[in-house]
Amino acid sequence: MKNKLILIDGNSIAYRAFFALPLLSNDKGVYTNAIYGFTTMLLRIIEDEKPTHLLVAFDAGKTTFRHKTYKEYKGGRQKTPSELSEQFPLLREMLDAFQISHYQLDQFEADDIIGTLARKGENEDLEVNVISGDKDLLQLISDKVTVSMTKKGLSEVDKYTPSFLDEKLEIRPDQIIDMKALMGDSSDNIPGVPGVGEKTAIKLLKQYENLENLYDNVEEISAKKLKEKLVNHKEDAFMSKELVTINCDSPIEISLSDLTYQGYQAQKVSEIFKELGFQSLLNRIDGEYTDDSSVPIDLPEIDVTIVNDITKELFTGVEAFEVEMLDENYHLSSIEGFGLVNKQGKYFIPVNVAIESDAFKEWAENTNNKKWVFDAKKVIVSLLHKGIHIKGIEFDLLLASHLIDPSENNHDIPAISHRLGQKGVFFDEEVYGKGAKRKVPELDKLVEHVGRKTNMIYQLKETAEEKLKENEQSELLKELELPLALILGEMEFTGVYVDQKRLEKMGEDLQERLKTIEKEVHELAGETFNLNSPKQLGPILFEKLSLPVIKKTKTGYSTSADILEQLQGKHEIIPKLLMYRQLGKLQSTYIEGLLRVVHEDTNKIHTRFNQALTQTGRLSSTEPNLQNIPIRLEEGKKIRQAFTPSKEGWFIFAADYSQIELRVLAHIAGDEKLIEAFNDDMDIHTRTAMEVFHVEAGEITDNMRRQAKAVNFGIVYGISDYGLSQSLGITRKEAQKFIDRYLDSYPGVRTYMEEIVQDAKQKGYVTTIMKRRRYLPEITSRNFNRRSFAERTAMNTPIQGSAADIIKLAMINLSIKLKEENLQARMLMQVHDELILEAPEEEIDLLKDIVSSVMENAIELNVPLKVDYAFGKTWYDAK
DNA sequence: ACAAGCACGC
DNA sequence: GACGTACGTGCTTGTA
């Protein structure tokens, strides 16, 4: 049998594994996902490919010989996340256990090591296979060298041979470097020729073979723009070619004979698997060494007592408390048990023991008993479902973690504890399994897990509070987010009544109209197809009906609404498709979707507001999302007729802030003109139009106001010139001109924008009025796009985040006021800048005053806050 | 189970 | 025909 050499691009595969897998960690809190992914791949290679020679090559360090050619090589790259870099030493240990050679070489990259050894192997007549996710390596392909390219994830690879490459890209292996030289590579910061992408590069190479010949004949290129760019960036192109060319003659100190692979020692490998917690991989190892006494977990022991009888003595007045559920939706999920940790011990309380106990209820409902929890709102709501009104929550680890750094997207107890430097808790997934396999484990496992989690809350409270104190955010948690959690919990528990009959009736009407339109579209198309499938629709529009292609997506033709709108008038199928889309959305998301989440027992919708998710401090809403119920188009707005008060004779009352973000901007920026505009209570879009177009109020056309509105919108949401150009259907240059003129008109805003970016660069973060924080590490990136995005975020987050702070303050004050006034009125929903309540008729007049004054006075700014309100028999009518 | 494409709100 | 473009949630298709 022929000898087989496998060369693995270590960095590339580790990166892929890291991003493809969830952030797993073992019982000691060490992250293991990249190692796990890497190892499964190794096992598969060893089993399936049976290599005789094997090597894993790594990149050496920061600088390489390529940096001499180009200082900016790989510039602007995001730093390797620490969660990944900490896995590399362990990965090397793993390779040692497998007795697999691994190698790195100062000043050279893994690519060069692989290239050099691939050529050597080829010369010795070995069958060579390179494994990587980096397309640059395709240049090594030959009759004897194949390259396996990981696709999404790790389990799938494309095996590139010369013929496969020809089939895919229609070029030869040696042309890869010419292609890359023309295209550039933004991830490695290789410039290439701007405006040339894969398609153009290949077209050029088909005609001219290589870069040198292309430039010898550049004069004959007819496309003017393209030729100009090629000529202007000739140097870049040749330098890029040099950069992407793999050095196949690197000064390596190892030879092929060092790479011989003779199998691994099962014992060593299984030891390291156990250390890393790779239970599932243990039985994939050959050899006699197996240890079937279930693997002991060497987390420090934890002693959790199961409580079967609750007495007052169980409580000390300060305890960590946890409600354990397997389903995210705490309105529906059953409770598996409660965790309780105090200075006396760690306890697990079975559900019935707790809720049938008077002592438990007394403890929970007494505000003097302080509770430290994870996700206060979940605790509040799940106990409300059991008739218990828990009070005295003075710390929430989830909310604290989100305030400390909202960009962390994992706020599980294990993830937080890892960040705060504590170990000793499992991920839910490790204990419960995932997907369809998720289930409640045996009691002792459950008890231990709940005990560990609750203990972690107990342990981490101080550390988290110290961090908050450092950031001056203690008040933000205690006075804003925690009280808000209680209010949101009550809103969710109260729920919103929906008129199901009305929804069903609307659904039936829609169904008929959809069917009619579908038939008409099929007739116009001359065939039946699935209207909901862009994949099927694309070819019909752009091939069969020959409509002009405006935009393509990765997988085919774009058929999005803005594209279809541009095709209006070209074919009578277009308006029908747009109507079908509009009605189909209503039917699936808002009629069927809402009906699906109505609770049987209450006939109401009980959303969940996520208080610890967004980067700016806004809330979000799920199951259902009550923050995106249609309003713009009349057809969709009718959905709101199904949202009605829950009691006879009551009304829906809705109040919204007028232009709160722009008012906040006026305040923060201290811009005189903008402040004046709001003091005079002017129509802000008209005012902006006057400033931007230098005309008097009377001369403003509808179109000017529309454009000014889009610019204001852009300022509020931090969109780019590109974003503005899209929303106005103008060029990017024109959009940029609008932005410039806006900033000329409001010089205070310009100064603010400049200063906040500088400030963010210096501090690394921006803050809101209430000291909410958002870190912007990419603001110093050398990558233009990343940096620009961070800059816009720096400008926008204080505006949007402060607006979010203000409405939260208003909700807290309103809740207090409603109680003081002994009103039955109650809040039901929050939609970023508006509050929706329900109230008995006799309270409406009072509410007009109370709600608007509480909202307007939530905070003192140097511009007035303005609130509009309305009420009606349904949400639709409250307009 | 997951990605892609699309569409709704602020 | 470039690369990526405010924030979210949730639907349907299509492939694994």
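To find a chain, count down the sequence lines: A is the first, B the second, and so on, and within it residues start at 1. For clarity, every value in this text was computed on a predicted model and none was experimentally measured.
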Counting the atoms with a prime plus P, OP1 and OP2 as sugar-phosphate, which does [X] contact under 4.0 Å by heavy atoms, base, sugar-phosphate, or nothing?
{"X": "Gln615(A)", "result": "sugar-phosphate"}
{"X": "Leu613(A)", "result": "sugar-phosphate"}
{"X": "Asn796(A)", "result": "nothing"}
{"X": "Phe789(A)", "result": "sugar-phosphate"}
{"X": "Arg608(A)", "result": "nothing"}

So, is [X] near the phosphate of [N], with a side-chain N or O under 4.0 Å from OP1 or OP2?
{"X": "Lys535(A)", "N": "dT15(C)", "value": "yes"}
{"X": "Gln536(A)", "N": "dG14(C)", "value": "yes"}
{"X": "Asn530(A)", "N": "dT13(C)", "value": "yes"}
{"X": "Thr589(A)", "N": "dC8(B)", "value": "no"}
{"X": "Ser720(A)", "N": "dA6(C)", "value": "yes"}

Rounded to whole angstroms, how far apart are [atom1] on [X] and [atom2] on [N]?
{"X": "Gln659(A)", "N": "dC10(B)", "atom1": "CD", "atom2": "P", "result": "12 Å"}
{"X": "Gln726(A)", "N": "dA6(C)", "atom1": "CD", "atom2": "C1'", "result": "14 Å"}
{"X": "Ile807(A)", "N": "dC10(B)", "atom1": "CD1", "atom2": "C1'", "result": "11 Å"}
{"X": "Arg618(A)", "N": "dT9(C)", "atom1": "CZ", "atom2": "P", "result": "12 Å"}
{"X": "Leu583(A)", "N": "dC8(B)", "atom1": "CG", "atom2": "C1'", "result": "14 Å"}
{"X": "Met179(A)", "N": "dA2(C)", "atom1": "CE", "atom2": "P", "result": "12 Å"}
{"X": "Met795(A)", "N": "dT5(C)", "atom1": "CE", "atom2": "C1'", "result": "13 Å"}
{"X": "Tyr657(A)", "N": "dG9(B)", "atom1": "OH", "atom2": "C1'", "result": "19 Å"}

What about the rings of Phe738(A) and Tyr742(A), do their centers lie closer together than 6.0 Å?
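Between Phe738(A) and Tyr742(A), the centre distance exceeds or equals 6.0 Å.
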Convert the base pairs of DNA chain C into dot-bracket notation, remembering that pairs crossing earlier ones are written with [ ] and that bases paired across to another strand are shown as |; include only Watson-Crick or G-U pairs under 3.5 Å.
......|||||||||.
Return the 5'-most residue of the pair Gly718(A), Lys585(A) with respect to DNA chain C, ranking by each residue's nearest nucleotide.
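On the 5' side of the pair lies Gly718(A).
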Return the 5'-most residue of the pair Ser621(A), Met183(A) with respect to DNA chain C, ranking by each residue's nearest nucleotide.
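Nearest-nucleotide comparison on DNA chain C picks Met183(A).
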Please give me every residue in residues 550-566 of chain A whose heavy atoms get under 4.0 Å of an atom in DNA chain C, ordered by residue number.
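By residue number: none to list.
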Could you check whether the rings of His402(A) and His411(A) sit parallel, tilted or perpendicular, using 30° and 60° as the cut-offs?
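Ring orientation, 0 to 90° scale: perpendicular.
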Whether Phe542(A) and Tyr557(A) hold their rings parallel, tilted or perpendicular, with breakpoints at 30° and 60°
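Phe542(A) and Tyr557(A): tilted rings.
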Do you see a donor-acceptor pair shorter than 3.5 Å between the side chains of Asn783(A) and Ser781(A)?
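Not at all, the side chains of Asn783(A) and Ser781(A) share no donor-acceptor pair under 3.5 Å.
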Side-chain donor-acceptor pair present, Gln511(A), Gln587(A), cut-off under 3.5 Å
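Yes, side-chain donor-acceptor contact under 3.5 Å.
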Give the residues of residues 623-630 of chain A touching DNA chain B, defined as any heavy atom closer than 4.0 Å, sorted by residue number.
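The answer is Gln627(A), Asn628(A), Ile629(A), Pro630(A).
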Looking at side-chain heavy atoms only, is the closest gap between [X] and [Y] below 4.5 Å?
{"X": "Leu828(A)", "Y": "Leu837(A)", "result": "no"}
{"X": "Tyr657(A)", "Y": "Ile806(A)", "result": "yes"}
{"X": "Met829(A)", "Y": "Trp875(A)", "result": "yes"}
{"X": "Ile631(A)", "Y": "Arg640(A)", "result": "yes"}

Can you tell which of Thr589(A), Val831(A), Ile639(A) makes a side-chain contact (heavy atoms from CB on, under 4.5 Å) with Ile629(A)?
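It is Ile639(A); the other options fail the test.
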When Asp178(A) is tested against each of Leu211(A), Ile202(A), Leu214(A) for side-chain contact (heavy atoms from CB on, under 4.5 Å), which residue passes?
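So the option named by the test is Leu211(A).
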Say we look at dA4(B) and dT5(C): how far apart would their P atoms be, to the nearest angstrom?
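Approximately 13 Å lies between the P atom of dA4(B) and that of dT5(C).
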Classify the side chain of Arg632(A) versus the base of dC8(B) as yes if they form a donor-acceptor pair under 3.5 Å and no if they do not.
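No pair found.
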When you check the gap from the basic side-chain N to the acidic O, do Glu834(A) and Lys879(A) get nearer than 4.0 Å?
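No, Glu834(A) and Lys879(A) are not salt-bridged.
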Which nucleotide in dC6(B), dG8(C), dT13(C) has an atom nearest any side-chain atom of Asn532(A)
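The answer is dT13(C), which lies nearest to the side chain.
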Nearest listed nucleotide, side chain of Arg596(A), among dC8(B), dC10(B), dC11(C)
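When the side chain of Arg596(A) is considered, dC11(C) is the closest of dC8(B), dC10(B), dC11(C).
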Quick check: does any side chain N or O of Thr616(A) sit under 3.5 Å from a backbone N or O of Gln800(A), one acting as donor and the other as acceptor?
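Checked: no pair found.
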